[in-house]
Amino acid sequence: MPNTITPVWVDLDMVSLHPNFDFSNLPFLFVSETDKYSNFARITTCVLKLPRASSFGERLIQETKRVINARKHVPWGCIGPDFLDRMVRSFGLQHFTLAWQESSQIPAFEAERFIIGNTSLDSSRPLLHLYLEMWRQNCFNKRYFYKTGVVGELLQKYHVYEFAMRIGLENYDKEFSFMLSELSRKNHEIYCRLRLLLSMIRRPKRLFSLLKAQNPLQERPSSICEVRDLKP
């Protein structure tokens, strides 16, 4: 990449809704999301723009390496939104953050709304985070071409199915994903129970952790990674 270009990290589950969104004049760029357990937005990791050789970028790498500590398997979320939010605020860079509405019209903890329901999409917003990891946790298939919800609207708008067929990409589990999608609309309670059962089958350790918790559906999980107070 030429030295004149500022690197930008963008997750693969981000969608550009507004082609005229221009952030080239910003030295930093972060986006935010809503938190299920509080009334506040937090900075998240799906979009990062940093100047080359910035002290923030250098410190971010140092702290990331410290938290990972050469482990081969790092817990999911260990260097996620909470970690980045504290890093950005410790450097006083939070004013470079887009409001959560600009990239997270549907929050991660309501990811089923991408497929179920009649959620309307505001295409005047620049970005949309699809939260595909939450799809997996909710037993949705990210490679299935859903015809409903926001996802169905986007797939049709950008002719994704036609493009996938041209390059020879085939989706899998088509019948099973369609069954879940239909069931979710007809009987949401049964769907939620089936979804939970499938999750337990795939990850049996989660079942034991839920059984041990006194109130597993309302308690906020404790932090799995220590993030100390940071100073620039």
Side-chain angles (χ1 to χ4, degrees), residues 1 7-15 28-38 40-91 93-94 96-98 100 103-104 106-111 114 127-143 195-196 198-213 216-232:
M1 183 178 292
V8 181
W9 168 272
V10 181
D11 279 0
L12 292 178
D13 59 351
M14 294 294 295
V15 178
F28 295 88
L29 178 66
F30 310 102
V31 299
S32 56
E33 64 182 14
T34 52
D35 183 2
K36 180 179 181 180
Y37 303 97
S38 72
F40 301 98
R42 61 180 178 180
I43 298 169
T44 189
T45 56
C46 54
V47 175
L48 293 173
K49 180 186 179 185
L50 314 175
R52 289 181 178 275
S54 68
S55 58
F56 171 76
E58 182 179 355
R59 187 65 180 277
L60 184 63
I61 293 174
Q62 292 174 354
E63 287 298 316
T64 300
K65 289 181 177 179
R66 183 188 66 81
V67 173
I68 293 176
N69 195 24
R71 289 177 291 179
K72 292 184 178 180
H73 301 286
V74 181
W76 181 68
C78 189
I79 50 175
D82 289 334
F83 170 80
L84 180 62
D85 186 90
R86 179 173 296 191
M87 285 288 299
V88 172
R89 294 182 188 281
S90 71
F91 273 73
L93 299 173
Q94 60 270 20
F96 290 108
T97 305
L98 295 179
W100 65 266
S103 62
S104 182
I106 299 176
F109 53 87
E110 296 179 359
F114 283 107
L127 304 167
L128 180 67
H129 193 184
L130 296 177
Y131 296 106
L132 290 186
E133 173 59 23
M134 303 308 296
W135 286 33
R136 184 184 66 80
Q137 295 187 25
N138 284 277
C139 299
F140 287 115
N141 187 345
K142 66 182 180 181
R143 293 184 60 185
R195 190 177 67 185
L196 180 62
L198 291 172
S199 178
M200 297 307 175
I201 293 174
R202 292 169 56 194
R203 294 182 293 175
K205 290 183 178 180
R206 186 180 178 190
L207 173 61
F208 294 104
S209 64
L210 287 175
L211 291 175
K212 290 180 181 180
L217 298 181
Q218 296 183 8
E219 289 185 354
R220 179 170 188 168
S222 59
S223 176
I224 53 178
C225 293
E226 173 266 334
V227 181
R228 62 189 175 188
D229 290 332
L230 304 170
K231 295 182 179 179

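Note: hydrogens, waters and symmetry copies are ignored here, and every other heavy atom, side chains too, is used.
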Side chain to side chain contact (heavy atoms under 4.5 Å, CB included) between V47 and M14, worked out: CA-CA 8 Å; V47 175; M14 294 294 295; 3.8 Å; yes

Verdict with supporting geometry, W100 and R42, side chain to side chain contact (heavy atoms under 4.5 Å, CB included): CA-CA 8 Å; W100 65 266; R42 61 180 178 180; over 6 Å; no

Could you measure the distance from the [atom1] atom of [X] to the [atom2] atom of [Y]? Nearest 0.5 Å is fine.
X	Y	atom1	atom2	value
R59	E63	CZ	CD	5.0 Å
H129	I106	NE2	CD1	12.0 Å
T97	L29	OG1	CG	8.0 Å
D11	L132	CG	CG	9.5 Å
I43	L84	CD1	CG	6.0 Å
L128	S104	CG	OG	8.0 Å

Presence of salt bridge, R86 and D82, under 4.0 angstrom: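 The answer is no: the pair does not qualify as a salt bridge.
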
Aromatic plane relationship, F91 with F56 - under 30° parallel, 30 to 60° tilted, over 60° perpendicular: perpendicular

P7 vs R52 side-chain heavy atoms within contact, under 4.5 Å: yes

Residues that A111 engages under side-chain contact (heavy atoms from CB on, under 4.5 Å), provided they are two or more places apart: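 Partners of A111 under the side-chain contact (heavy atoms from CB on, under 4.5 Å) test: F114, M134, W135, N138.
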
T44: partners by side-chain contact (heavy atoms from CB on, under 4.5 Å), with sequence neighbours left out: V31, E33, C46, P81

Heavy-atom closest contact (L48 atom, F30 atom, distance):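 That would be CD2-CD2, 3.6 Å.
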
Nearest heavy-atom neighbours spanning F83 and C78: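 Result for this residue pair: CB-O, 4.0 Å.
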
